[in-house]
Amino acid sequence: MAQEMKLEYDAKGMPFRRLGSSGLRVPLLSLGAWITLGGSVKGDPVTDIIRVAFENGINMIDTAEAYAKGESELAIGRSLKALGFRRTDLIITTKLFWGLRSGPNDGGLSRKHIIEGTKEALERLQVEYVDVLFAHRPDPTVPMEEVVRAFNWVIEKGWAFYWGTSEWSAQEIEEAFHVASKLKLIPPVAEQCKHHMFHRERPEKEYEPLYRKYDYGTTVFSGLAQGLLTGKYNDGIPEGSRYDTEKHQMYDALRARLTSPEGQSEIQKIRELTALAEKELGCKVSHLALAWLATKPHTSTIILGASKPEQILDNLKALDVIPKLTPAILEKIEGILGTKPKPVETVSLIELSQYYGWIPIQLLSIIEGTKEALERLQMDYVDVIFAHRPDPTIPMEEVVRAFNWVIEKGWAFYWGTSEWSARETEEAFHVAHKLNLIPPAADQCEHHMFHRERPEKEYEPLYRKYDYGTTVFSGLAQGLLTGKYNDGIPEDSRFAKEKHPMYDELRAGLTSEEGKTKIKKIKDLTAFAETELNCKISHLALAWLAVKPHTSTIILGASKPEQVLDNLKALEVLPKLTPAVLEKIEEILATQPAPVLWTLHADANSHRRGSAWLTAAANASGNFKAIQDTSESCTWKVSGDKISSLWYVVTLGLLA
């Protein structure tokens, strides 16, 4: 017997957008369950929130298996049944990764958990299928092929129509696309990511190639920065607010951040945005923040959190603000924020030739450029030929085929990349494997004590998966790490004589606050090198680079033979770099990229499960540095430097 329809869907003017490249239309504003539905909000109030959202055009609900340890899906399932909505009027999404029980296979992205987890999520939701199933985090312990095949099995079974990612790196998403292409399977259609006015680097910069290449979409969470962009915390933490009442560990960090210099800077910006919103747009700052997100072309939907129906109705007013966000207003907003990521630098080889002066324009053609380079070198071949920068205007298949043609011709033995992103390198590997061709062997990248994020963090998955090497340039930071600029710019130095635009920037950098901080650290390192290692700081800096396991070679620059002979003394310093010495260097530098930090919390019943899962993960990846198991608090902290996702904190059953 068919269920009685209690409420017909009416969009009420809600804008709809395609979810990425898919044909699924999703409302610009959707309802999220994290923390609230089934968690801090239980029973009839859950039904009231869902009903008010639906009555006002919000027909998409997002949840996850881990939200309130499964109670979120149960609460939503009960409410949907009580409300009697037509299933075809709804868009329901859920996410898998954390799991609920204590077995070693009850979490992660194994085929077993994806399939069993989906089945159990459907039972809790009391539906036959979800519209989109997200991988709630990447799982570096499971082969990507297994992940892609499992999500496709779920789709073929009719349990989901689409699959997506959540908080994956661009490199991991790129890999998923290439695996799906190779196997002729369905790739992910969208990413569920954090995006707000103070968190922009990943969604606006890192993912940009994915938007351009795959029309990837985003379903955005934390659009109001955990409530910060409502303005309610401009003058402290009001009693009864979420920051006041929530005991969640995340809120401890948020409360502490409010009083930090960075937090106070954000509060000042929110005050200025509040004034702009009220005086020029006639709205609240929260409406402005949500409307601003909606102007981003690859925002498919913005997930709203609500603990009461009134919050839904208030947030809907953001739709009226979107048409008011003219280019002039958006420019004013950027002027206040100062958080816009620097655009991805893409320069043509013609521009590079004009900038550096010594790169021949002929390198615009890989084959012709190689031939002419060999003529200039008076050689039959080079050992390695590098792509000096990525070229987003040329299909990767063309690039890979051209370098392989050069190798087959005998003009080079290997090819490599230089200053490519991890995503671009990942793409090159997959194209090469698909075509049964030779992938790149190494990247030529900048790496020194003050430039570490890319070579030590972004490239880490490439080292682990492909044993990728680096040929390092600028190991002495353009001479800064020789110590010669500790007391200014000597008259006969390169910084004094060079008219190159790069040196204009370097000279200006010396007098900046950041430059002064670097000089102070270099002075401390100089004293450390001389007193404890009996060497120059330049020797220490080069030896420090050499201890990095994926440094294949360090490229030395020299304007006279004596410089080469001096730099060779770095080899004598290598044996002196004991773990204790390296630790002291890191204390002086304070530039080490943040390692992976997995913090798992569970109740006593889940304690064995957490230990087992960590043990399995450690065995699978073989690269965790430390495991702390505190039985009384049921807390595990695991830091690792060789996990592909270096930016997330795991809080079992709690995190979004």
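Just so it is clear, the values below take in all heavy atoms, side chains as well, and ignore hydrogens, waters and symmetry mates. The first residue in the sequence is number 1, and the count goes up from there.
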Heavy-atom distance under 4.5 Å between the side chains of [X] and [Y], does that happen here?
| X | Y | value |
| --- | --- | --- |
| I522 | F450 | yes |
| S169 | E174 | no |
| L480 | I519 | yes |
| L525 | L589 | yes |
| K518 | Y485 | no |
| K342 | K205 | yes |
| R423 | L210 | yes |
| N567 | L476 | yes |

Whether the side chain of [X] engages the backbone of [Y] through a donor-acceptor N/O pair (distance < 3.5 Å, no angle test) should be reported.
| X | Y | answer |
| --- | --- | --- |
| E167 | K194 | yes |
| E146 | P143 | no |
| T551 | A546 | no |
| K521 | I588 | no |

Margin query: Quick one, L481 with L540, criterion side-chain contact (heavy atoms from CB on, under 4.5 Å). Give me CA distance, side-chain angles, the key distance, then yes/no.
Written below: CA-CA 9 Å; L481 284 163; L540 170 59; over 6 Å; no

If you look at every heavy atom in [X] and [Y], which pair is closest and at what distance?
| X | Y | result |
| --- | --- | --- |
| H196 | S222 | CD2-O, 3.0 Å |
| P593 | E453 | CB-OE1, 3.6 Å |
| T165 | P188 | CG2-CB, 4.1 Å |
| K584 | F528 | CD-CE1, 3.6 Å |
| H448 | W544 | C-CZ3, 3.8 Å |
| L109 | V147 | O-CG2, 3.7 Å |

Notebook entry, point to check: Using a distance-only test with no angle check, is there a side-chain donor-acceptor pair under 3.5 angstrom linking K232 and Y243?
Noted result: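 Checked: K232/Y243 side chains show no N/O donor-acceptor pair below 3.5 Å.
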
Margin query: Is a donor from one side chain sitting under 3.5 angstrom from an acceptor on the other, for E272 and Q268?
Written below: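 A pair is found: one side chain offers a donor N or O, the other an acceptor, under 3.5 Å apart.
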
Would you compute the distance between atom [atom1] of [X] and atom [atom2] of [Y] and round it to the nearest 0.5 angstrom?
| X | Y | atom1 | atom2 | value |
| --- | --- | --- | --- | --- |
| E572 | L533 | CD | CG | 12.5 Å |
| E175 | M144 | CD | CE | 4.0 Å |
| D391 | E424 | CG | CD | 10.0 Å |
| I333 | K269 | CD1 | NZ | 13.5 Å |
| M197 | E266 | CE | CD | 12.0 Å |
| I35 | Y67 | CD1 | OH | 9.0 Å |

Next item on the list: Might you confirm whether atom CG of N234 has over 12 heavy atoms from other residues, nucleotides or ligands at distances under 6.0 Å?
Entry: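 Yes.
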
Note to self: For E513 and K516: C-alpha separation, side-chain torsions, deciding distance, then whether salt bridge (Lys or Arg N to Asp or Glu O under 4.0 Å) applies.
What the structure shows: CA-CA 5 Å; E513 287 304 312; K516 291 174 182 176; 3.8 Å; yes

Check: Aromatic rings W420 and W415: how do their planes relate, parallel, tilted or perpendicular, breaks at 30° and 60°?
Finding: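 Perpendicular: the ring planes of W420 and W415 meet at over 60°.
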
Margin query: Test side-chain contact (heavy atoms from CB on, under 4.5 Å) on T218 and K296; report intermediate values, then the result.
Written below: CA-CA 10 Å; T218 60; K296 305 300 175 186; over 6 Å; no

Notebook entry, point to check: Going through the distances and angles, do N105 and H113 end up as a side-chain contact (heavy atoms from CB on, under 4.5 Å)?
Noted result: CA-CA 6 Å; N105 290 306; H113 182 61; 6.0 Å; no

Check: Under the criterion ring pair (Phe, Tyr, Trp, His ring centres under 6.0 Å), which of Y211, Y207, F177 is the partner of Y216?
Finding: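 With Y216 as partner, ring pair (Phe, Tyr, Trp, His ring centres under 6.0 Å) holds for just one option, F177.
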
Considering only NZ, NE, NH1 and NH2 on the basic side and carboxylate oxygens on the acidic side, decide whether [X] and [Y] come within less than 4.0 Å.
| X | Y | result |
| --- | --- | --- |
| R255 | D252 | yes |
| D235 | R271 | yes |
| E532 | K576 | no |
| E262 | R257 | yes |

Margin query: Applying side-chain contact (heavy atoms from CB on, under 4.5 Å) to K536 and D566, what does each step give before you reach the verdict?
Written below: CA-CA 10 Å; K536 295 181 181 178; D566 183 66; 3.1 Å; yes

Notebook entry, point to check: R452 and salt bridge (Lys or Arg N to Asp or Glu O under 4.0 Å): which partner among E446, E460, E586, E458?
Noted result: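 For R452, the salt bridge (Lys or Arg N to Asp or Glu O under 4.0 Å) check succeeds only for E586.
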
Next item on the list: Can you spot which of E456, H550, K548 makes a side-chain hydrogen bond (donor to acceptor under 3.5 Å, both in side chains) with H447?
Entry: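 Exactly one candidate clears the test, E456.
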
